[in-house]
Trainee: 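Have a look at the structure that comes next, please.
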Amino acid sequence: MKKIVSGILVALIGCICLASCAESTPAKSKGASVLVAYFSATGTTKNLAEYAAGILNADIYEIVPQDPYTDEDLAYYTGGRADQEQNDPSARPAISGLIKNMSQYDTVLIGYPIWHGQAPKIIYTFLESYDFSGKTILPFCTSHSSGIGSSASNLHSLAPNANWLDGTRFAAGTSESEIQAWLESHELIDTKEVSTLPYDGIYPQHEPYGTGVGAMPGRVVWAYDPESVDWDGKGYWWETDHFDESAILDMVNESIASLGGKENAKDGWAALFAANNSTRGRSGGYTAGEKIAIKANINGSAVYDDDTSGETKMSYTNPVLLKALLTSLVEEAGVAPENITVYDVSRLFPDYMVEMCTNGELNGIHFVDRSTGVADESAPIVWSHSFSGKVNYLPTCVTEAAYVINLANLKGHSYGITLCGKNHFGSFINGNTMRPPEGANLHQWLTRNEMGIYSPLVDLMANADLGGKTILYMLDALICAPSEGASITGNNSRWQQSPFDGDYTSSVFVSQDPVAIDSVGADFLMNEPTVTENNGSLRGNPTVENYLHEAGLVAKSPSGTVYTDSQGHPVTNLGVHEHWNNSTEKLYSRNLGKSEGIELIPLLHIHSAGKS
């Protein structure tokens with residue numbers, strides 16, 4: 001069982017009348033350990049469960065039926081499976097996967113939909129599967145019309161030695177603040193409580209710099225599913241059979257929904273497009289026919305030659321994650337494949353990756369690399385600091401796009417860290433085909449180990465065609481490399497910090513705030529022994545965050561640089577920078593109830609026994 005912070009054990013029983021719901025903001029749970037367990041048929045209960053888990057900083061467990069329900073199964077009054085189960089007192093649908101250590105929890109929230117006025121029978125299975133003696137159980141449900149009624153009290157006999165609190169029914173559209181108020185009413189939250197754990201970071205701790213941006217300002221969503229990666233550490237890390245494509249697609253869609261503050265990925269994407277448009281004087285969301293450019297990080301492929309096999313142990317964008325992102329764009333956001341371009345004009349894409357990402361419903365997606373990228377000579381990058389180097393042009397696939405997605409890697413670098421900010425070192429053309437950043441003379445600013453100096457990464461964040469158009473920042477953290485040039489092995493990619501505990505990171509991070517997501521990534525990297533033991537440039541070196549200070553304080557940067565958007569307009573805000581409270585709880589200012597700062601939303605999944 002994975003946890004972000006210890007809290008009260010609450011089995012979250014969220015009722016949905018095969019209905020819909022909302023999402024949440026973490027606060028501070030009181031005392032003991034909390035579990036939020038839920039069954040959700042359509043996603044409504046799931047959203048409320050994620051709200052509650054985030055607010056309480058609790059573990060979350062999805063009650064997954066061994067035999068998934070189909071639309072036909074769920075159709076009311078048709079004699080289908082759900083009807084039959086609800087009419088059969090002995091029905092106990094099997095659950096896929098067990099909670100390994102239920103004894104660690106003191107409070108459990110149990111969430112479920114209302115089916116024919118009662119909890120689904122799979123909730124009965126759940127309650128009969130564990131010993132809840134002495135635990136506090138708080139049920140809740142959502143429905144279009146039915147109240148919680150006897151659905152909760154009828155469950156008491158299944159856990160007679162538990163302390164049952166009164167359950168609550170929530171309507172569709174229940175807000176995050178309503179969930180927080182409900183939890184506070186049960187004294188499960190103390191918003192005034194201060195962590196007793198000391199700050200244990202290398203970076204100096206400080207108040208938030210800058211202002212959060214995005215549909216949910218300052219929000220970074222972290223999806224973690226240990227089922228998504230299954231690699232024995234042998235062979236190439238990127239081989240697709242090491243990854244669960246379905247699990248990774250779920251991680252992407254759930255993250256998009258949460259990032260937009262919505263119930264589902266479709267509405268989440270709409271919120272992200274609208275939020276970006278609002279910053280550019282545009283109204284509404286995505287319009288059919290608009291082009292999207294996705295900057296992948298293909299740094300480890302064709303580094304020294306023109307080999308497009310992808311057969312290297314160095315890191316590059318995970319092919320299964322890229323496919324999942326593309327699938328979500330097509331299926332959920334409604335973007336036609338022919339309007340999507342994946343690019344990295346400093347490297348060559350592996351042939352197998354291109355093939356798997358252009359088949360079936362993805363047919364028509366374009367890939368642009370260093371051999372096919374065309375420089376838009378009307379769009380030179382204008383740096384905010386004068387230094388020698390080649391003139392750098394954005395590729396036409398970027399300048400012609402209405403939107404950009406920055407798909408970077410969570411990994412160390414020989415200069416410390418490389419996240420979304422440095423990902424755009426593969427976004428310009430200057431005649432140095434193999435090494436555009438060297439042609440631009442940019443590395444001098446990354447190797448000085450100083451604070452308060454100019455950073456070209458901030459210029460790339462601020463660039464109107466790059467950062468200005470970006471609707472989504474994503475960190476591929478499924479398998480993390482200690483450095484860009486390292487050969488990835490099982491030993492140097494299994495992380496020690498919780499919740500990974502000696503396993504792969506199996507994670508995806510998303511945000512609309514470029515400063516916030518890199519700040520979170522910097523905290524994870526600096527506090528991970530597997531990374532710092534294999535990366536001397538990062539170990540104990542807080543100066544690697546210079547660009548984050550410059551970005552967070554961009555209106556009055558420590559270096560004195562006046563950063564512009566490359567079109568002559570000074571930039572006054574790019575996002576918010578701070579560090580978590582400690583590496584155990586991983587809480588930021590908004591998680592602690594403050595009005596400004598980062599909000600880290602963990603979506604932690606448990607699918608089977610043996611995965612903890």
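Here the structure is a predicted model, which means the values were calculated and not measured.
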Trainee: For the backbone of Glu355 and the side chain of Asn359, can you confirm whether one donor and one acceptor N or O come within less than 3.5 Å of each other?
Mentor: yes
Trainee: Could you give all pairs that pass the ring pair (Phe, Tyr, Trp, His ring centres under 6.0 Å) test and reach residues 251-285, with sequence neighbours left out?
Mentor: Phe273-Tyr286, Phe273-Tyr403
Trainee: Taking the side chain from Asn535 and the backbone from Gly412, do they hold a donor-acceptor pair closer than 3.5 Å?
Mentor: no
Trainee: Who passes side chain to side chain contact (heavy atoms under 4.5 Å, CB included) against Gln496, sequence neighbours left out?
Mentor: Glu528, Pro529, Thr530, Glu533
Trainee: Assess, by modelled atom type and distance only, whether the side chains of His413 and Ser483 contain a donor and an acceptor separated by less than 3.5 Å.
Mentor: no
Trainee: Taking the inter-plane angle between the rings of Phe425 and His443 on a 0 to 90° scale, is it parallel (under 30°), tilted (30 to 60°) or perpendicular (over 60°)?
Mentor: tilted
Trainee: Under the salt bridge (charged side-chain N to carboxylate O under 4.0 Å, His left out) rule, what pairs show up with a residue in residues 271-289, not counting sequence neighbours?
Mentor: Arg282-Glu290
Trainee: What's the spacing between Tyr473 OH and Leu259 CG if we round to 0.5 Å?
Mentor: 12.0 Å
Trainee: Determine whether a donor-acceptor pair (N or O, by modelled atom type, separation under 3.5 Å) exists between the side chain of Asp518 and the backbone of Cys420.
Mentor: yes
Trainee: Considering non-hydrogen atoms only, spot the tightest contact between Pro514 and Gln512 and give its length.
Mentor: CD-O, 3.6 Å
Trainee: For Asp306, what residues pass the side-chain hydrogen bond (donor to acceptor under 3.5 Å, both in side chains) criterion, not counting sequence neighbours?
Mentor: Arg370
Trainee: Under a plain distance cut-off of 3.5 Å, with no hydrogens placed, do Tyr563 and Glu550 share a side-chain donor-acceptor pair?
Mentor: yes
Trainee: Report yes or no: does Asp225 contribute a side-chain atom to a donor-acceptor pair with the main-chain N or O of Ser506 at less than 3.5 Å?
Mentor: no
Trainee: How close do Leu600 and Pro602 get, counting heavy atoms only, and between which atoms?
Mentor: O-CD, 3.3 Å
Trainee: Compare every heavy atom of Gly260 with every heavy atom of Ala271, then report the nearest pair and how far apart it is.
Mentor: CB-O, 3.7 Å
Trainee: Can any side-chain N or O of Ser96 pair as donor or acceptor with the backbone N or O of Gln66 at less than 3.5 Å?
Mentor: no
Trainee: Side chains of Asn491 and Thr489: is there a donor and an acceptor less than 3.5 Å apart?
Mentor: no
Trainee: Is there a donor-acceptor pair under 3.5 Å between the side chain of Asp267 and the backbone N or O of Ala270?
Mentor: no
Trainee: So, Ser511 and Asp513: side-chain donor and acceptor under 3.5 Å apart, yes or no?
Mentor: no
Trainee: Can we say Glu245 and Lys323 salt-bridge, meaning some charged N sits less than 4.0 Å from an Asp/Glu carboxylate O?
Mentor: yes
Trainee: Hey, could you give me the CD1/NZ distance between Ile405 and Lys469, rounded to the nearest 0.5 Å?
Mentor: 13.5 Å
Trainee: Between Lys46 and Glu263 (salt bridge meaning N to carboxylate O under 4.0 Å), is one present in this structure?
Mentor: no
Trainee: Do we see a donor-acceptor contact under 3.5 Å between the side chains of Asp344 and Tyr316?
Mentor: no
Trainee: Do Ser487 side-chain atoms and Lys313 backbone N/O form a donor-acceptor pair below 3.5 Å?
Mentor: no
Trainee: Any chance you could lay out the side-chain hydrogen bond (donor to acceptor under 3.5 Å, both in side chains) test for Asn492 and Asn534, step after step, and finish with the verdict?
Mentor: CA-CA 7 Å; Asn492 69 15; Asn534 290 280; 5.4 Å; no
Trainee: To the nearest 0.5 angstrom, please state how far the CZ atom of Phe500 sits from the OG atom of Ser498.
Mentor: 8.0 Å
Trainee: Check the side chains of Ser378 and Asp376 for a donor-acceptor pair under 3.5 angstrom, ignoring hydrogens and angles.
Mentor: yes
Trainee: Identify whether the distance between the nearest side-chain nitrogen and carboxylate oxygen of Glu599 and Arg219 falls below 4.0 Å.
Mentor: yes
Trainee: What's the separation between atom CG in Asn363 and atom OG1 in Thr358, rounded to the nearest 0.5 Å?
Mentor: 6.5 Å
Trainee: Rounded to the nearest 0.5 Å, what separation is found between the OG1 atom of Thr418 and the CG atom of Asn297?
Mentor: 6.0 Å
Trainee: If the condition is ring-ring contact (aromatic ring centres under 6.0 Å, His included), which residues does Phe428 pass it with, not counting sequence neighbours?
Mentor: none
Trainee: Taking the six-membered ring for Trp, are the ring centroids of Tyr547 and Trp445 within less than 6.0 Å of each other?
Mentor: no
Trainee: Side chains of Asn253 and Ser328 only: does a donor on one sit below 3.5 Å from an acceptor on the other?
Mentor: yes
Trainee: Using distance alone, with no hydrogens and no angle criterion, decide if Trp237 and Ser493 have a side-chain donor and acceptor under 3.5 Å apart.
Mentor: no
Trainee: With sequence neighbours left out, write down each residue that passes ring-ring contact (aromatic ring centres under 6.0 Å, His included) with His366, or none if nothing qualifies.
Mentor: none
Trainee: Considering all heavy atoms of both residues, which atom of Ile598 and which atom of Val520 are nearest to each other, and what is their separation?
Mentor: CG2-CG2, 4.0 Å
Trainee: Less than 3.5 Å apart, any donor N or O on the side chain of Ser315 or Lys411 sitting next to an acceptor on the other?
Mentor: yes
Trainee: Tell me yes or no: between the side chains of Thr308 and Asp351, is some donor less than 3.5 Å from an acceptor?
Mentor: yes
Trainee: Restricting to side-chain hydrogen bond (donor to acceptor under 3.5 Å, both in side chains), what partner residues turn up for Asp523, sequence neighbours left out?
Mentor: His579, Tyr588
Trainee: I'd like to know if the side chain of Thr470 reaches the main chain of Leu466, judged simply by a donor and an acceptor atom lying under 3.5 Å from each other, with no hydrogens or angles considered.
Mentor: yes
Trainee: Return the set of residues passing side chain to side chain contact (heavy atoms under 4.5 Å, CB included) with Ser278 (not counting sequence neighbours), or none when no residue passes.
Mentor: none
Trainee: Does anything in residues 475-499 form a salt bridge (charged side-chain N to carboxylate O under 4.0 Å, His left out)? List the pairs, not counting sequence neighbours.
Mentor: none
Trainee: Are the aromatic ring centres of Tyr343 and Phe349 under 6.0 angstrom apart?
Mentor: no
Trainee: Testing the basics here: between Trp231 and Gly490, what is the closest heavy-atom pair and its distance to 0.1 Å?
Mentor: CH2-N, 3.9 Å
Trainee: Work out which heavy atom in Gly373 is nearest to a heavy atom in Val368; give both atom names and the distance.
Mentor: CA-CG1, 3.5 Å
Trainee: Do the two ring centres, one from Trp238 and one from Tyr352, sit under 6.0 Å apart?
Mentor: yes
Trainee: Give, for atom OG1 of Thr341 and atom CD1 of Ile365, the distance between the pair rounded to the nearest 0.5 Å.
Mentor: 9.0 Å
Trainee: Just by modelled atom types, is the Pro456 backbone N or O under 3.5 Å from a matching donor or acceptor in the Asp459 side chain?
Mentor: no
Trainee: Using the side chain to side chain contact (heavy atoms under 4.5 Å, CB included) rule, pick out the option among Asn299, Ile298, Val342 that qualifies with Thr317.
Mentor: Ile298
Trainee: Using the test side-chain hydrogen bond (donor to acceptor under 3.5 Å, both in side chains), find all partners of Thr240 that sit at least two apart in sequence or belong to another chain.
Mentor: none
Trainee: Looking only at the side chains, is there a donor atom on one of Asn423 and Asn406 sitting less than 3.5 Å from an acceptor on the other?
Mentor: yes
Trainee: side-chain hydrogen bond (donor to acceptor under 3.5 Å, both in side chains) with Tyr236: which residues, sequence neighbours excluded?
Mentor: none
Trainee: Under the side chain to side chain contact (heavy atoms under 4.5 Å, CB included) rule, collect the residues that match up with Val382, sequence neighbours excluded.
Mentor: Ser566
Trainee: Does Leu603 reach the side chain of Tyr224, with side-chain heavy atoms less than 4.5 Å apart?
Mentor: no
Trainee: Is it the case that the side chain of Thr505 and the backbone of Ser507 share a donor-acceptor pair, with hydrogens and angles ignored and the cut-off at 3.5 Å?
Mentor: no
